[in-house]
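Here's the structure, in structure tokens; my notes come after.
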Amino acid sequence: MATHFDISNVEDDSGTYARSCHIRLGSGQLSFDAPFKVGNGDATDVPLYEVYRRISPTTIVKSFQSEKYSRGVDANLKNRCKGRSNILIMEYDSKDVIPTSRMVEYLSDIQYNHTDVIVTPSWFSLITRTDSTDVDLFLAMTDEYLEAASRLNHKPMMVSIPQSIPSERIDDVLEHYISCKDVTSFCIDSNSRALMNGSWMRKFQTSIDKVRSLYNIEDECLLYSVNAYQGIVKRNEERIDAKDFLGFTAGIDVIGGKHTKGYNSNDSDERMTVARMFDPETYTYVKAVCAKEVKDRITSQSVAAQIMEMPIIQDRIKEGLLEDHLRSKAISESTLRTIYGLKDTASSIRTLDSFI
């Protein structure tokens, strides 16, 4: 049986899927209010710090062949874990090599010692093609990982769900992991796709709401986001909406970072060294063309600014003032229509912009 989070003091925003709540694990050593932005980079003074590591089949095989190499991989993970509590998310970095059972067990073993939350790996590259997603392979690999991770496990578990899963299969995936595997918390892996995509996110929230009620898991179901698309800063523009940060309006309790180019790797913006500085006055990113070391510093400052903003958002949700708060920012009308269109059931006032 999986260990679960304890969710309490839930308050919902009437116009969006955003909610405020208190999240606790066990005795409360890991405890925070949501929506919440995890730390990463040099933003370490937070209850939960995010670590992201790509692992290729070559790395795994070399670890089997050399104890010294394996110790080096382990030491690298340990050095990355800078927080008081850490969540380690691994990306299986191969499009073609299906991992053996031994390789899956290795991934589970190296994760366990360094994380306070078990998250199944991102299989995005392995299962996703331009025109299809191998959902059955995703289920098989995730099930195998959960089996390996469940041995002597006393940590909460999350299933990473790639945003490439077709909408019509979301019900099947959630039902499988909640009813068959007793996993009630999920990490949405966008792999640089837009988390604020209306049709996919709307279907996911409809499905998660249904299973929350059916299985009475409102008090243990946590939603996490990783690798959400931040948007392209066009050459003639200086700002873009911070769409990944605004994912809390889609009901995401914990907002993670973006670590992979993935889906939009050919964007000219991504080939340049462009930093995005979060502006809490506008909820936009300000573009800065700079050297890589400067970009890393700006990114950490941006994460820190988002962390500082989250308690204000929690208060606005509790006060029923989230809509006024969002409309006081410089968020574009198209993004606002998407945010409020996610939960809008009056089809007569929805527009196409609500779903793109």
Side-chain angles (χ1 to χ4, degrees), residues 36-44 46 48-57 59-60 73 76-83 85-95 107 110-111 114-128 158-164 186-196 223-233 240 242-248 252 254-267 269-278 285 290 292-307:
F36 181 77
K37 172 72 178 178
V38 294
N40 57 57
D42 291 329
T44 60
V46 287
L48 187 62
Y49 183 84
E50 182 178 273
V51 186
Y52 196 89
R53 178 68 152 84
R54 295 180 185 85
I55 306 285
S56 70
T59 296
I60 299 174
V73 173
N76 174 267
L77 289 175
K78 183 177 180 179
N79 289 336
R80 289 169 179 246
C81 296
K82 303 176 182 179
S85 300
N86 300 284
I87 180 167
L88 170 57
I89 300 172
M90 295 186 297
E91 175 188 334
Y92 181 69
D93 193 10
S94 175
K95 289 182 175 294
L107 289 173
I110 63 171
Q111 181 192 51
H114 304 291
T115 191
D116 292 279
V117 181
I118 303 295
V119 183
T120 60
S122 169
W123 309 112
F124 204 108
S125 295
L126 185 66
I127 68 168
T128 307
M158 300 181 105
V159 164
S160 176
I161 299 180
Q163 204 171 324
S164 61
F186 300 93
C187 172
I188 298 174
D189 175 22
S190 298
N191 200 261
S192 287
R193 299 188 180 203
L195 180 67
M196 297 304 295
L223 298 181
Y224 194 100
S225 165
V226 69
N227 289 325
Y229 179 47
Q230 296 170 316
I232 299 174
V233 185
I240 56 169
K243 291 185 178 180
D244 57 329
F245 173 79
L246 292 168
F248 72 84
I252 305 299
V254 185
I255 309 293
K258 179 179 179 294
H259 307 274
T260 181
K261 294 180 180 179
Y263 186 63
N264 291 293
S265 60
N266 291 325
D267 288 342
D269 173 58
E270 293 292 352
R271 291 199 300 267
M272 296 159 48
T273 304
V274 177
R276 294 173 173 86
M277 182 63 207
F278 178 73
Y285 288 122
C290 57
K292 185 180 185 306
E293 59 271 19
V294 177
K295 176 180 179 178
D296 292 343
R297 185 167 65 249
I298 290 176
T299 299
S300 292
Q301 292 171 350
S302 186
V303 170
Q306 291 179 346
I307 290 169

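Position 1 is the first residue of the sequence; numbering continues from there.
To the nearest 0.5 Å, atoms CD (Q230) and OG (S190) are separated by 11.0 Å. Atom CZ of R193 is separated from atom CG of N227 by 12.0 Å, given to the nearest 0.5 angstrom. The structure places CG of L126 at 10.5 Å from CG of D93, a figure rounded to the nearest 0.5 Å. Here I110 contributes atom CD1 and M90 contributes atom CE; the two are 5.0 Å apart, rounded to the nearest 0.5 Å. Taking OG of S94 as the start and CD1 of I55 as the end, the distance is 13.0 Å to the nearest 0.5 Å.
Of all the heavy atoms in D244 and A228, the pair that sits closest is CB-CB, 3.7 Å. Residues V303 and V38 approach most closely at CG1-O, 3.6 Å, considering heavy atoms. Here the closest heavy-atom approach between residue S160 and residue T120 is recorded as N-OG1, 2.8 Å. G247 and I252 make their closest contact through O-CG1, 3.3 Å (heavy atoms, listed as atom of the first residue, atom of the second, distance). Taking all atoms of both residues into account, the shortest heavy-atom contact from M158 to I87 is SD-CD1, 4.3 Å. Taking each heavy atom of A304 and A43 in turn, the nearest pair found is N-CB, 4.2 Å.
Considering L77, L48, D116 in turn, D116 is the only one that fulfils the side chain to side chain contact (heavy atoms under 4.5 Å, CB included) rule with N86. Of the listed residues (Y229, F278, Y285), just one forms a ring-ring contact (aromatic ring centres under 6.0 Å, His included) with F245, and that residue is F278.
Taking the side chain as every heavy atom from C-beta outward, R53 and N76 approach each other to under 4.5 Å. The side-chain heavy atoms of H259 and E91, taken from C-beta on, include no pair separated by under 4.5 Å. No side-chain heavy atom of K243 sits under 4.5 Å from any side-chain heavy atom of L195. Contact annotation: the side chain of N40 never approaches that of Y52 to less than 4.5 Å [non-hydrogen atoms, C-beta and beyond]. Between F186 and I188 the shortest side-chain heavy-atom distance does not fall below 4.5 Å. The closest side-chain heavy-atom distance from N191 to S164 is not below 4.5 Å. Taking the side chain as every heavy atom from C-beta outward, K82 and D42 approach each other to under 4.5 Å. The closest side-chain heavy-atom distance from S302 to R276 is not below 4.5 Å.
For T115 (side chain) and I118 (main-chain N/O), no donor-acceptor pair under 3.5 Å exists by modelled atom type. Not one N or O on the side chain of K258 forms a donor-acceptor pair closer than 3.5 Å with the backbone of V226. Not a single donor-acceptor pair under 3.5 Å links the side chain of S122 to the backbone N or O of P162. Listed for the Q111 side chain is a donor-acceptor partner under 3.5 Å among the backbone atoms of L88.
For the 3.5 Å distance criterion, the side chains of Y224 and E50 qualify, holding a donor opposite an acceptor.
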